[in-house]
Structure formats: C-alpha cells, structure tokens
Amino acid sequence: MLGASFVVVVAMAPAANADGCDVDEETGEVVCEDEEDGGGNGGNGGDGGDTGGSSTCNYNGREIPCTGPGGSVWSSLHECWIGPSAGELGEDLQPPAGQTKEDGAWHVCYFPPPGSSWEYTWVQTGEVVTIDPVVLAQRAIASMDLDPIQIGIVPESGPNRVGLVGLPVWMWVDSPTDDTFGPITASASEGSVSVSATASVSSIVWDMGDGTTVTCTGKGTPYADHYGKQDSPTCGHRYEKMSTDQPDGAYQVTATSHWVVEWAGGGQSGTIEFDLTTDALPIRIGEAQVLT
C-alpha cells in the first residue's frame, strides 16, 4: 500500500451494499455476489448516442465489480476499493512518517474476496482513485472530433439531376477519412489512470426517403460510367415511384454511421457505441418518357 507506515483495522467501516458487495459487520469480510462472472456485464450504447462501458475491473486475472461496499471505487494502484476518508468517519488519524495532512489522507480500503477485510490506506493528495475509466474513454472519443460520412450517391443530387424509377442507385462513403469512417485511436488520462480508445464505423444505415432503409457494411463501391445499369455489388437501392409527390419534389436521403469504440485502461475495458447522421440530401427520381 502506497506510503503506509502503519495500518489501522477499521472497526466502524460502513457495511452498506453496493453493486453486489457488502461487509460482514462481525468479521469485516467483504462479500461480492456473483463473483464468478464479475458482478455483471457492461452495457453498450446505441441509437441516438447512448453510451456504456464495462462494469467489471480486473484483479489477479479475474473480474470483480468496479464499485464496492458503500459506493467505494476500485483502485488498481492499491488493489482494493477506496472508500471514505478517516475524517469522514470521525477518526482523527495521524499521517505516516514523513507525511502531513496536506499530503494525503487515510481512506477505507476494502480488499476483494476471498479472505477479504478492510483497512485504512494512505492516499496521496491529488491521486485520482475515483475517476471512471468510461469518462476518460468518452473524453478520448471527444478528442477524435468524429463527423458523419460524406455521401456518395448516383443519381447525383442537384436541380438538373434526375434518376429514373427502377434503375440502380449506388451509395458509398465519399472520400473516407479517419474521422468519418475510422479506425482512429486516441487516449485520455487523469492522475494515474490512462485510457486508450479505438473507433471504427461498423455499418451505415441509409434512409432512402421513400420509407425504406438499407443497411450496408463497409464503405460501399463508388459508381463509374463503365458499370452502366449494373446493381452496386456492395450497397444499392431501386426506387419504385417518382419523387414528384415529395417535399421539393425529391427524396431526402440520409446516412447514419454506427460507430463502435473499443477502449481499455484503468484496469477496465469496454465498448461504446453511438450514431452520427448526415444532413438530408435531395435525390430526384422521375420516369423515362417514351415517344411513339
């Protein structure tokens, strides 16, 4: 334990239950429910930018809950759940040799099972023991400055551009970059905790504006004149009706890229998922006129 020249067994530590862990008031043993699977799985976000992360931490090669008794938070540095300070519990303990009360404070340290108990451990001032690695992962994502894709589509958008009912429509990611398609990696740190995150687009949902959606994996295939009237081999559509009854006489096409971020750090790992959607792009569809 960092800087601890003596250890005081806590005789009055709170025995509150949190995330499946509690303290036996008589023995001081910390008991965690569902120890085999680490106390639960992390939630993954989706639809509209909801995010999530792992709810388990690693200790000696096994998973344990990141939140311990009384809302204490796992510290990889101390290898225990760090709880309230001695002062918060009404104890006036002297600092270890060579330290002052300005240098740090004694905190409850709950050790994981088996044979678990709790003691006071010295925590340096400014040491981050309660930072949630998920928060750092989200900071790393924010630093990536991710954007929706640029839409590549034939027929093209424009007042003098009209596609035809029944002919193939090709969709693709135009000029993909790290920040519009990935993969892209960034990191964020606070105190002794550092998290690295890698983001990539796993799929793109194309809303064609006619009541249908097309889900495509990969960047799609850019159209070229030599393809003629072939269907796109990777991401395509066919309109069955003209767009004349639509607002401004055009189908409003959007592309929603689904990002998946894998992150790790602070003794944890997890996945964050979210969506980015383009502005609507008007695509006009008409019918070929046959002269007799």
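Each residue takes its place number in the sequence, starting with 1. Worth knowing before you read on, the calculation uses all heavy atoms, side chains too, and leaves out hydrogens, waters and symmetry mates.
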Which pair of heavy atoms, one from Ala140 and one from Ala188, lies closest together, and at what distance? N-CB, 3.9 Å
Does Met208 share a hydrophobic cluster with Met242, counting links as ILVMFWY side-chain heavy atoms below 4.5 Å and allowing steps through other members? yes
Is there a side-chain contact between Met171 and His237, using heavy atoms and a 4.5 Å cut-off? yes
List for me each residue that meets side chain to side chain donor-acceptor pair (under 3.5 Å) alongside Ser175, sequence neighbours excluded, and say none if there are none. none
Asp92: partners by salt bridge (charged side-chain N to carboxylate O under 4.0 Å, His left out), with sequence neighbours left out: Lys101
Check: Ser269 and Glu262 side chains under 4.5 Å, non-hydrogen atoms: no
Heavy-atom closest contact (Gln246 atom, Gly209 atom, distance): OE1-O, 3.8 Å
Contacts satisfying disulfide bond (SG atoms under 2.5 Å apart) that involve residues 223-280 (not counting sequence neighbours) are Cys216-Cys235
Who are the salt bridge (charged side-chain N to carboxylate O under 4.0 Å, His left out) partners of Asp231, not counting sequence neighbours? Arg238
Asp178: partners by side chain to side chain contact (heavy atoms under 4.5 Å, CB included), with sequence neighbours left out: Ile184
Residue pair Thr221 / Pro233: nearest heavy atoms and the distance that separates them: OG1-CG, 3.7 Å
Donor-acceptor contacts, no H, no angles, side chain residues 276-285, under 3.5 Å, sequence neighbours left out:
{"residue": "Thr277", "atom": "OG1", "partner": "Thr256", "partner atom": "OG1", "Å": "2.8"}
{"residue": "Thr278", "atom": "OG1", "partner": "Ala255", "partner atom": "N", "Å": "3.0"}
{"residue": "Arg284", "atom": "NH2", "partner": "Asp248", "partner atom": "O", "Å": "3.4"}

Does one hydrophobic cluster hold both Val165 and Val214, with members joined at side-chain heavy-atom distances below 4.5 Å? yes
Side chains of Val123 and His78 in contact at under 4.5 Å (non-hydrogen atoms): yes
Donor-acceptor pairs under 3.5 Å, side chain of residues 82-90 to any protein atom, not counting sequence neighbours: which ones?
{"residue": "Ser85", "atom": "OG", "partner": "Glu88", "partner atom": "N", "Å": "3.2"}
{"residue": "Ser85", "atom": "OG", "partner": "Glu88", "partner atom": "OE1", "Å": "3.4"}
{"residue": "Glu88", "atom": "OE1", "partner": "Ser85", "partner atom": "N", "Å": "2.7"}

To the nearest 0.5 Å, how far apart are CD1 in Ile64 and CD in Glu79? 9.0 Å
Which label fits Tyr239 and Tyr251: parallel for a plane angle under 30°, tilted from 30 to 60°, or perpendicular past 60°? parallel
Validation row: Trp263, Gln268 side chains within 4.5 angstrom (heavy atoms): yes
With Glu156 via salt bridge (charged side-chain N to carboxylate O under 4.0 Å, His left out) - residues at least two apart: Arg161
State the NZ-CG distance between Lys219 and Asp174, to the nearest 0.5 angstrom. 12.0 Å
Got a donor-acceptor contact below 3.5 angstrom from the Thr125 side chain to the Glu102 backbone? yes
Non-hydrogen side-chain atoms of Gln99 and Trp122 separated by less than 4.5 Å: yes
Minimum heavy-atom distance Gly265-Pro133, with the two atoms named: O-CB, 3.7 Å
At what distance, to the nearest 0.5 angstrom, does CD of Gln138 lie from OG of Ser143? 12.5 Å
Heavy-atom distance under 4.5 Å between the side chains of Ile204 and His258, does that happen here? no
Using side-chain heavy atoms (C-beta onward) and a distance below 4.5 Å, is Ile153 in contact with Val169? yes
State yes or no: do Val260 and Val173 share one hydrophobic cluster built from I, L, V, M, F, W and Y residues joined by side-chain heavy-atom distances below 4.5 Å, directly or via other members? no
Out of curiosity, Tyr110 OH to Ser72 OG, how far, rounded to the nearest 0.5 Å? 6.0 Å
Who are the side chain to side chain contact (heavy atoms under 4.5 Å, CB included) partners of Thr215, not counting sequence neighbours? Ser203, Val205
For a 4.5 angstrom cut-off between non-hydrogen side-chain atoms, does Val261 reach Phe274? yes
Centroid separation Trp81 to Phe111 less than 6.0 Å: no
Treating Trp106 as the side-chain partner and Glu119 as the backbone partner, does any N or O pair qualify as donor plus acceptor under 3.5 Å? no
How would you list all residue pairs meeting ring-ring contact (aromatic ring centres under 6.0 Å, His included) that involve residues 139-158, not counting sequence neighbours? none
Which ILVMFWY residues can you reach from Tyr223 by hopping between side chains whose heavy atoms are under 4.5 Å apart? Val154, Trp170, Trp172, Tyr227
In terms of heavy-atom contacts, Ser202 and Thr217 come closest through O-CG2, 3.8 Å
Side chain to side chain contact (heavy atoms under 4.5 Å, CB included), that's the test. Do Leu146 and Trp259 meet it? Break it down for me. CA-CA 10 Å; Leu146 303 178; Trp259 286 87; 3.8 Å; yes
Under the 3.5 angstrom rule, does the side chain of Thr198 hit a backbone N or O of Thr185 as a donor-acceptor pair? no
Results of side chain to side chain donor-acceptor pair (under 3.5 Å) for Asp147 - residues two or more places apart only: none
Between Val162 and Gly286, what is the shortest heavy-atom contact and its length? CG1-N, 3.5 Å
